[in-house]
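All figures in this text were calculated on a predicted structure; none of them were measured in a lab. In the text below, chain A, chain B and the rest are named by the order of the sequence lines, each starting its count at 1.
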Amino acid sequence: MIPKGSIIVTLGEIIEPSKERTDPNKMDYPVYVGLEHIEKGTGKLLSFGDSSQIKSTKSNFYTGDLLYGKLRPNLNKVWLADRNGICSTDILVFPHGDRLSNKFLFYRLLSHDFVKYASQNASGVELPRVSYKNIAKFPIILPPLPEQHRIVAKIEELFTQLDAGVAALTTALAQLEYYRKSILKAAVEGCLTEEWRRSHGTTESANALLNSVLKRKYDSWQRDQFNKFIKKGIRPKDERWKLKYQSPQSPEIVNYPDLPKGWTWVSWDQIGYSQNGRSFPSKEYQSNGIKLLRPGNLYKNGSVSWNEDNTRYLPEIYAKESPEYIIKSNEIVMNLTAQSLKDEFLGRVCLTSEGEYCLLNQRIARLTPLDVSKRYLFWLFKSNIFRTFVNGLNTGSLIQHMFTSQLKEFILPLPPLAEQHAIVNEIERRFTIIDETEKTIQQSLAQAERLRQSILKRAFEGKLVPQDPRDEPASLLLERIKKEKAAAKTQKKTTRSGKSKTTQQGLI
Amino acid sequence: MANGGLVQKLWNYCNVLRDDGVSYGDYVEQLTYLLFLKMADELCRPPFNRPVIIPAECDWNALRNKDGSELETQYRKTLDNLGKKSGMLGVIFRKSQNKIQDPAKLRRLIELINDETWVGLDVDVKGEIYEGLLQKNAEDIKSGAGQYFTPRPLIKAMVEVMRPQPEQTIADPACGTGGFFLSEHDYIFKNYQLDRDQKEFLKSRTFKGWEIVDSAARLCVMNLYLHGIENEESPVIVGDSLLSQPSEHFDMVLTNPPFGKKSSITIMNGDGKASKESLTYERPDFWATTSNKQLNFLQHVKSMLKIEGHAAIVVPDNVLFEGGAGETIRKSLLHECDVHTLLRLPTGIFYAQGVKANVLFFDRKAASKEPWTKNLWIYDLRTNQHFTLKTNTLQFEDLKDFIRCYNPENRNVREESERFKCYTYDDLMQRDKVNLDIFWLKDESLEDSENLPDPDVIAQEIAENLEVALEQFSLVYEGLKGE
């Protein structure tokens, strides 16, 4: 069902590529366009090349010409020239004229159905190319020339609006990441729980918590020492061995920002233990058994991820031999080695999920807090406070390492236990909203791309703009084109002269 | 101060009526009618002794001694009758209705108004009360009245750089509640020593406005009237200014056309659709036909200017980047006019959601082969600026640097600065689709910097971007639906 005034033609009936070649030694055009300069599927030019570097024969193009890359047509490289230049011979140049709107054809070639057709009709395996002969057979609905212009204007109006919407969504997506960071910062500074503190009055202060934790550490050390004596068969005569205890260093709080009421600065050494992983032999890797936790399993979003590509298994016997290296549910694990400071990979923390069961490989540490909320610490390690600490550790070396000895000295803000839980709740509440928003935006972005193609489809079915019965029918247009082609064949071939940029406006 | 007390009284009464279900918008309307009747009454007595314009059976006297259902009936009759008159009277009372259900409260309001002498009151006071109510009304987001209200600091800044002069004609094809007119009036009054003829000109022949919605036009006329600007004919025409080619041309046009595709017809005028607006206008003086309302206003403004006339128009980003008709219009504008300044406005200053706006300044020129625009100076007041409608509102001070950079005394002598850059005609024409949505400053909310903004600042930015996205996709949807 084609609209009134339009006709169906094949591309070959209306366009033919220019045969104008050029000797680059005689070139005075500064611009060279190769396939690498055209963005796939968008019709945009990414950059230019310098034609003085080009030695082999190329094709000429002029402002207003339509360029189509025939190599790898699935990449859909199309461009409407806004200046004169030369291009690769793998690019077909369709000259501009006033019989057809090259802009109309430009959008036509960007449409999905043409891309599919060209890709299916390409030949060659390593370097698939579609020939003009094949492209020429592609049928399209050709509207009257004024309608072509109207269609182009409408497409551009809708596309610029669409682009603006996509840009806004993309910006919002990027801002969500900063929003997360900002929330974490506010969380560990106590800003998220201001209201909570007001309504909950005094709870056990962090200092009290700290003292009980320090005592537990001391007791724990004593027990360990005692067990060691027993193993060796020693019975201590007095208590003096207890003096050997090196209590965790109290952090030196100089120039640290003030903390909210009830909070205190502590060092990691004071409130938790770090355990390094073991080096397990990679030649023992097999296709089943117990999973081995490696840096590649620690995802940016804080969860541990296992898939076919990133999972290695070890024989079960290693679990039996090294039970102290088994990682289970709800444990904090941290990556200690990275190639750079990028992506916050160095010092990246994850919290294992319910039912986790794997071995702790070298270069990863297990962090165990005493009486402090694990989730609070998890979020703390994801916040800017820890990030700043990590970034400041090693400078200059190529591969970044973090040592558990360095980790001991990390100073962090500790709220009272009840407030820790409140903070975690606040963070997680907001983060779930952000996650939802992120999903919605990504979905909308995907839909926007389909919308683009949908608009083109509508346009080329002739349903985007109304027909105008006063337009000269396309059949007459086609006749004129045919006459011109016939006339041109009998004439001697002459080089087209370059046209300046300003005439481009009149033709499009 | 006695005047302060009056303002307070009227505010308080507004709140009393609010609890009765009378919105700010309704209150302002009723106040308009009653105040006008009272002032007309004062004017026909000594010492003014002006000719009577209101028939005795609908004047103030007939109203103020009644109460109960008698009062209700009289009031209704009055409104009805006066709504049929021509000129300013007609504009103020057209389709007017009583919204105060309780006649005792109506009576109380009448008494309040009766106790004061209004005509003698300082113009500024009256203006302040009225403007204050209009502002409050605009803040009531649900009512949608905000779209008729341009932030006053912005208007003031625009007037400061445009510098209207005595005996110039000034128009606004989308005048809303008349904010631009008042500011222009003030500016001329304060900066010049006007002789009697000039004063007369300022009062009755300077300003001309169009407003499509009855209730807004009503408030505009009343607003002007309270500020001493009046004309028997009414300086404001109620209707769609885009319908036809301008028959008059003006020295100056300052305007903020409504955002969005259609006006929100549900504000204040409980009438439902007051008029059927078309979206596309076929006009011989237009460069392109489009359903984009703001692009149409842009074309219309240029058309209503005298040659060498000056314009300042608030436009959303779409006017600067939309392809198709937008590109054609921008090209023509740059050619036929001297488009010399663009002010990128911050977000969070208008009552409309999802709008990023700018002020475009241009002069209309005589026909010429060569393009008139040589340089476009752009001031970026948007990047890294965060305003809100309640807690961090835009102040005149925030626009002072722009005014300084603009250099109204001589705009041919300007200097670039961090926020002020110059683009040549060639620079502009080379941009894809002549896109004038230009910026160069880095957005802090996207920078990996030490200075992470507060969560609520970023949240606001995200919300704004989502609103912009929503607005754009709605436009695409509308654009596809329409054909």
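Atom CZ of B/F439 is surrounded by 12 or fewer heavy atoms from other residues, nucleotides or ligands within 6.0 Å. Heavy-atom contacts from other residues, nucleotides or ligands closer than 6.0 Å to NZ of A/K300 number more than 12. By the neighbour-count criterion of 12 heavy atoms within 6.0 Å, atom CZ of A/R470 is sparsely surrounded, having that number or fewer from other residues, nucleotides or ligands.
Of all heavy-atom pairs between B/E327 and A/K103, the closest is OE1-NZ, 4.2 Å. The two residues B/L480 and A/R458 have their closest heavy-atom pair at O-NH1, 3.3 Å. In plain terms, the two heavy atoms of A/A164 and B/Q472 that are nearest each other are CB-CG, 3.8 Å. Of all the heavy atoms in B/P455 and A/S182, the pair that sits closest is N-OG, 2.9 Å. B/A469 approaches A/G165 most closely through the heavy-atom pair CB-O, 3.7 Å.
Only the side chain of A/L451 comes within contact range of chain B, with at least one heavy atom under 4.5 Å from a heavy atom of that chain. Contacts between B/K356 and chain A at a heavy-atom distance below 4.5 Å are absent for every atom of the residue. For B/F473, the part sitting under 4.5 Å from any heavy atom of chain A is the side chain, from C-beta outward, and nothing else. Of the atoms belonging to B/N435, not a single heavy atom falls under 4.5 Å from chain A. Only the side chain of A/T437 comes within contact range of chain B, with heavy atoms under 4.5 Å apart. If you measure heavy-atom distances from A/Y179 to chain B, the contacts under 4.5 Å come from both the backbone and the side chain.
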Verdict with reasoning, A/L169 to B/L466, per side chain to side chain contact (heavy atoms under 4.5 Å, CB included) | CA-CA 6 Å; A/L169 284 180; B/L466 291 178; 3.9 Å; yes

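A/T171 is not listed as a side-chain neighbour of B/V468, based on a closest heavy-atom distance of 4.5 Å or more.
Put simply, CG on B/N465 and CD1 on A/I441 are 8.5 Å apart, with the number rounded to the nearest 0.5 Å. We find the CG-CD distance between B/D432 and A/E156 to be 8.0 Å, quoted to the nearest 0.5 Å. Atom CD of B/E461 is separated from atom OH of A/Y178 by 12.5 Å, given to the nearest 0.5 angstrom. To the nearest 0.5 Å, the span separating OG1 on B/T328 from NE2 on A/H149 amounts to 11.0 Å. To the nearest 0.5 Å, atom CZ of residue A/R180 and atom CD1 of residue B/I458 are 12.0 Å apart. In this structure, CD in A/Q175 is found 10.5 Å from CD in B/Q460, a value given to the nearest 0.5 Å.
When each of A/I183, A/L158, A/I434 is checked for heavy-atom pairs under 4.5 Å with chain B, A/L158 comes out on top.
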